[in-house]
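Here the structure comes first, spelled out in structure tokens, and everything after it is commentary.
Numbers restart at 1 for each chain; the letters A, B, ... are given by sequence-line order, proteins then strands.
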2 protein chains.
Amino acid sequence: MATQHPPAPHDSTADDAPAQACPVTPVLDIVFSRWTTPILWTLHHYGRQRFVELNRNVGTITAKVLTQRLRQLERDGLVVRTYHPEVPPRVEYEISELGLSLAPLFAALTNWSEEHLPEVERARTAFDAANT
Amino acid sequence: MATQHPPAPHDSTADDAPAQACPVTPVLDIVFSRWTTPILWTLHHYGRQRFVELNRNVGTITAKVLTQRLRQLERDGLVVRTYHPEVPPRVEYEISELGLSLAPLFAALTNWSEEHLPEVERARTAFDAANT
DNA sequence: GGGGTCGGTTTCCTGTAGGTACCTAATATC
DNA sequence: GATATTAGGTACCTACAGGAAACCGACCCC
């Protein structure tokens with residue numbers, strides 16, 4: 001599960017600790033593990049949706065992976081799953097209040113993207129040009 | 001290289017496009033691909049460092065992966081590599097100005113972490129308790 | 001001439017994320 | 001009775017990221 005970033009947490013004994021102390025690491029596994037941002041974004045953009053809708057609206061994700069990610073997001077309290085025991089079963093997903101609290105973070109992200117992405121682009125072409 | 005998030009970019013034709021249009025996706029590959037945050041954090045925390053120092057200061061990363069990530073970060077313009085053609089070669093890495101522009105983003109991240117991580121913790125234990 | 005240092009590079013090997021395909025229960029429709 | 005539907009679950013397989021270890025060149029020390 002915690003395969004995305006450095007291995008062991010740490011007892012946070014201040015300064016001899018290397019980058020495990022990097023304070024953002026745990027958040028990344030929660031919010032920025034693969035597919036989670038597109039899912040959250042889709043839920044935020046289209047509102048509450050059932051499984052198949054979500055499956056269509058998020059890009060090319062397969063049903064298996066979608067359920068995996070949704071379980072994780074549900075476990076972390078970022079999305080709410082409501083199951084209706086009807087005859088063709090109906091399940092709806094929506095963003096939780098905790099999930100909505102990520103909004104400023106996403107805003108900061110898009111903001112940085114708008115301001116600095118072209119600069120990254122330029123750096124890349126310059127780098128590639130320098131290494132013929 | 002772009003293995004972390006949804007497949008193809010998109011010509012951004014507004015509304016029929018699904019989650020590829022998620023505006024944060026490209027930034028994630030740049031800033032939040034594996035090991036990049038610990039590296040950036042270490043460079044920011046300890047200042048300019050040479051390769052072996054960095055290798056020690058970032059947690060358990062291997063030299064191979066460290067060079068890969070540093071190349072990527074250099075190419076994206078987030079770190080600056082200075083090579084001194086001395087006898088035991090000396091190479092120093094430091095955060096670029098563009099890299100420093102990520103500071104508010106990291107701040108937002110740590111801020112969210114401090115405010116909401118316990119809530120995630122609670123959600124997890126509640127979820128695990130509900131699924132005996 | 002043997003060993004050490006620095007900044008990598010190369011080769012080999014493995015774990016695992018993720019894809020494909022097929023299965024289910026319960027009903028409704030044809 | 002055949003077929004479709006929903007929300008997944010399961011088995012199998014593959015690709016690739018990343019770890020381990022050996023190697024390198026140019027010089028220094030001993």
By side-chain hydrogen bond (donor to acceptor under 3.5 Å, both in side chains), which residues pair with A:Arg48, not counting sequence neighbours? none

Holding to side-chain hydrogen bond (donor to acceptor under 3.5 Å, both in side chains), I want the full list of residues that pass it with A:Asn131, two or more places apart in sequence or in another chain. none

Give every pair of a protein N or O atom and an N or O atom of nucleotides 28-30 of chain D that lie under 3.5 Å apart, one pair per line with the distance.
none

Just the rounded figure in Å: distance from [atom2] of [N] to [atom1] of [X].
| X | N | atom1 | atom2 | result |
| --- | --- | --- | --- | --- |
| A:Leu54 | D:dT6 | CG | P | 14 Å |
| B:Arg69 | D:dG19 | CZ | C1' | 14 Å |
| A:Glu53 | D:dG8 | CD | P | 13 Å |
| B:Lys64 | D:dA21 | NZ | C1' | 11 Å |
| A:Trp35 | C:dA17 | CH2 | C1' | 12 Å |
| A:His84 | C:dA25 | NE2 | P | 24 Å |
| A:Asn55 | C:dG18 | CG | P | 15 Å |

Run the salt bridge (charged side-chain N to carboxylate O under 4.0 Å, His left out) test against A:Glu115 and tell me which residues pass, sequence neighbours left out. none

Holding to salt bridge (charged side-chain N to carboxylate O under 4.0 Å, His left out), I want the full list of residues that pass it with B:Arg50, two or more places apart in sequence or in another chain. none

Taking OP1 and OP2 of [N], is either one under 4.0 Å from a side-chain nitrogen or oxygen of [X]?
| X | N | result |
| --- | --- | --- |
| B:Arg34 | D:dA17 | no |
| B:Arg81 | C:dG7 | no |
| A:Thr62 | C:dG19 | yes |

Pairs meeting criterion side-chain hydrogen bond (donor to acceptor under 3.5 Å, both in side chains) with involvement of residues 93-109 of chain B, two or more places apart: A:Trp112-B:Ser101, B:Arg81-B:Tyr93

Can you sort out the partners of A:Ala63 under side-chain contact (heavy atoms from CB on, under 4.5 Å), two or more places apart, ordered by chain and number? A:Phe51, A:Asn55

Please enumerate all residues that pass side-chain contact (heavy atoms from CB on, under 4.5 Å) together with B:His84, with sequence neighbours excluded. B:Thr82, B:Glu86, B:Arg90, B:Glu92

Considering only C:dC6, D:dG18, C:dG19, which nucleotide approaches the side chain of B:Arg50 most closely? C:dC6

Quick check on contacts: within residues 89-96 of chain A, what sits under 4.0 Å from DNA chain C by heavy-atom distance? none

In terms of hydrophobic clusters joined by side-chain contacts under 4.5 Å, are B:Leu73 and A:Leu117 together? yes

